[in-house]
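Presented below is the structure to which this report refers.
We number each residue from 1, following the sequence as shown.
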Amino acid sequence: MRVLVVTCSASGDDARIVHREARTLLERGHEVVLVSEAPARPDDDPRGLERVAIPRARGRRRVASWRAARAAVCRLRPACDLMLIHDPELVPVLLLRRSPVPVVWDVREDYVASVADRRWIPSFARRAVRRTVRGIYALASRRCHLILAEDSYVDVVADAPVIPNSTWVPEEVPPVRRSAGELPEVVYVGRLSVGRGALEMVALGRLLRGEARVVLIGAADGDVEAIVRGAHDEGVVEWTGPLPNPVALARVDGALAGLSLLHPLANYVHSRPTKLLEYSARGVPCISTPLPLAAEAIERTGAGVVTPHGDVDAVAVAVRRLLADVDLREEWGRRVHADAVEHYNWQRDGARFESLLAGWAGR
């Protein structure tokens, strides 16, 4: 099976697209051509991945990316058995006419709810954008197959299979790092935005200065980038910028704790934070705000801390508790890793993903 994968808004090394889905297809003997922005580090690509670079859609600058995606698809699709798309905007761009090959849309977010976290969309336009996205769902249900990354998205798109946004789970995980002269690290992996707690994490860096290093891994939205960069230059936090997922997760290994300080926005309230899954898979307990699915996971294992929204002092208290009791941190790490093996295991979910695509391509 030769699969054409297309995204105009995700990064060129998106974890789910590149390092889970594409890697799984390649390891199972399929061919994958990815149309996306160029990755920052091509050497970290899964072996055998073919790429076609297009400009990334950012903020309100999107039309050039749509045109490039459409041109690439027109050129590449005839030689492919199935097309996998990842953005709602690609449905009208590519599927106003029926595709000559089967198409699958991987619905990775609740895109109606996520409008509130797209600060580049003017507030007066958000109702119209939500209405447009609902229309896109309706069009997609007639034009292509859908898979969902969360059970909660069934309320938006019924009768579609769920392939959870799980992660690769190593068989063994390293213990917490205790290098002499090095500060323990508290890490965050993901997009840095107001709604994802960027300002709280900068404030946490100030509170923990000299006790632990707050490491932020990911791209920063325009409205917080200067704040994050300034905190990095001041030595309050360490900001790496975006890193390929395998590189980012290697930095998580052995950290004292992982941060998930999401605000109670509609797109987050009913979703399971991917970062919590990734921390757990690496044996790193999470400090999270009280979003329902995150709190449920932490309560199930008894390993991790749930803190009130916006309460940076409570997050600092949780970090200091782990600093004072490394044996507790090690025990929590074992618990969350075992939980990830059972609940968040891409080794299992990826096999089902590949089977679904192969079945649709065979039809």
Side-chain angles (χ1 to χ4, degrees), residues 173-179 182-190 192-218 228 231 235-239 248-249 251-265 268-269 271-340 344:
V173 294
V176 64
R177 294 192 294 268
R178 311 189 200 191
S179 302
E182 296 254 346
L183 290 176
E185 293 184 349
V186 181
V187 298
Y188 168 83
V189 177
L192 290 158
S193 70
V194 171
R196 295 176 179 230
L199 302 182
E200 288 91 332
M201 289 186 283
V202 168
L204 179 67
R206 294 188 187 281
L207 285 178
L208 295 176
R209 198 168 189 175
E211 300 176 71
R213 179 184 296 111
V214 174
V215 180
L216 308 180
I217 303 171
V228 174
V236 169
V237 300
E238 179 183 343
W239 178 39
L249 295 184
R251 187 65 187 270
V252 171
D253 285 341
L256 188 72
L259 298 172
S260 179
L261 306 184
L262 299 173
H263 292 195
L265 300 177
Y268 303 146
V269 167
S271 297
R272 183 173 288 106
T274 304
K275 50 193 64 60
L276 182 147
L277 317 187
E278 292 178 329
Y279 304 152
S280 297
R282 317 301 287 201
V284 175
C286 184
I287 301 172
S288 172
T289 48
L291 299 181
L293 293 179
E296 174 191 301
I298 290 172
E299 289 167 5
R300 180 176 64 242
T301 61
V305 181
V306 177
T307 60
H309 290 290
D311 192 341
V312 181
D313 289 330
V315 179
V317 168
V319 172
R320 288 174 178 138
R321 178 184 179 190
L322 294 174
L323 283 170
D325 192 345
V326 177
D327 290 338
L328 175 66
R329 157 61 182 83
E330 297 284 18
E331 170 60 24
W332 281 5
R334 287 189 289 271
R335 288 190 209 170
V336 296
H337 178 256
D339 190 60
Y344 313 136

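- Put simply, the side chain of L291 reaches to within 4.5 Å of the side chain of H309, judged on heavy atoms.
- Shortest non-hydrogen contact noted between A212 and V186 is CB-CG2, 4.3 Å.
- The structure places CG of L261 at 8.0 Å from CD1 of I287, a figure rounded to the nearest 0.5 Å.
- Note that CD of E331 and CG of D325 are 10.5 Å apart. Values are rounded to the nearest 0.5 Å.
- Contact detail for G283 and V173: the closest heavy-atom pair is N-CG1, 3.8 Å.
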Please step through side chain to side chain contact (heavy atoms under 4.5 Å, CB included) for the pair V336 and V284, ending with a clear verdict. CA-CA 7 Å; V336 296; V284 175; 5.9 Å; no
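- With rounding to the nearest 0.5 Å, the separation of CZ in R320 from CG in L256 is 12.5 Å.
- For the atom pair CG (L183) and CG (L208), the distance works out to 10.0 Å, reported to the nearest 0.5 Å.
- Atom OG in S280 sits 12.5 Å away from atom CH2 in W332 (nearest 0.5 Å).
- For the residue pair P273 and S260, the shortest heavy atom distance occurs at CB-OG, 3.7 Å.
- Within the 4.5 Å cutoff, the side chain of L323 has heavy atoms near those of the P184 side chain.
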Distance-only check: which donor-acceptor pairs under 3.5 Å involve side-chain atoms of residues 197-204, not counting sequence neighbours?
{"unit_1": "E200", "atom_1": "OE2", "unit_2": "H263", "atom_2": "NE2", "d": "2.8"}

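- Nearest approach of V189 to A248, heavy atoms of both residues: CG1-CB, 4.2 Å.
- Pairing each heavy atom of Y279 with each of V252, the nearest pair is CD2-CG1, 4.1 Å.
- A side-chain donor-acceptor contact under 3.5 Å links R329 to the backbone of A255.
- Among pairs with a residue in residues 281-302, those fulfilling side chain to side chain donor-acceptor pair (under 3.5 Å) read D253-R282, R300-D339, R300-Y344, at least two apart in sequence or across chains.
- A281 and H337 get closest at one heavy-atom pair: O-CD2, 3.2 Å.
- Residues V269 and P292 are in side-chain contact: their nearest non-hydrogen atoms beyond the backbone lie under 4.5 Å apart.
- Taking the charged nitrogens against the carboxylate oxygens, K275 and E278 have no contact shorter than 4.0 Å, which rules out a salt bridge.
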